Amino acid sequence: MKCPHCKTPLKAHEKICAKCGHTVKTARQKRRRDLILAGLLLMRLLLTIGLTLKMLKQHEKI
């Protein structure tokens, strides 16, 4: 694995680059972040659909 900042090779367990001090995120952290973002996006989509349906129902009543 290499440091994304200065391209210095890192050992498997290293989280902080010795040369530039850049914090290297592990694959697990990246996966967790992606899951959280996907969850938030899904919630937003469901909320939008729910509000749209609510607006349509109100429009039919008039």
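Note that this is a predicted model, so its numbers are computed, not measured. Residues: numbered from 1 along the sequence shown.
- Leu41 CG to Leu46 CG: the interatomic distance, rounded to the nearest 0.5 Å, is 10.0 Å.
- Every residue was checked against the side chain to side chain donor-acceptor pair (under 3.5 Å) condition with Thr8, not counting sequence neighbours, and none meets it.
- Note: Lys7 NZ to Lys19 NZ = 12.0 Å, rounded to the nearest 0.5 Å.
- The two residues Cys6 and Cys3 have their closest heavy-atom pair at N-SG, 3.5 Å.
- By the rule that hydrophobic residues join a cluster once side-chain heavy atoms approach within less than 4.5 Å of another member, Leu35 and Met43 end up as members of separate clusters.
- Taking CG of Leu56 as the reference point, atom CD of Gln58 lies at 10.0 Å (rounded to 0.5 Å).
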Evaluation steps, side chain to side chain contact (heavy atoms under 4.5 Å, CB included), between Arg28 and Arg31: CA-CA 5 Å; Arg28 183 184 287 166; Arg31 224 175 14 248; 4.1 Å; yes
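- Taking OG1 of Thr52 as the start and CG of Leu47 as the end, the distance is 9.0 Å to the nearest 0.5 Å.
- Shown here for His5 and Cys20, the closest heavy-atom pair between the two residues is ND1-SG, 3.5 Å.
- The two atoms that bring Thr26 and Lys15 nearest to each other are CG2-CE, 3.5 Å, heavy atoms only.
- Atom CG in Asp34 sits 9.5 Å away from atom NZ in Lys30 (nearest 0.5 Å).
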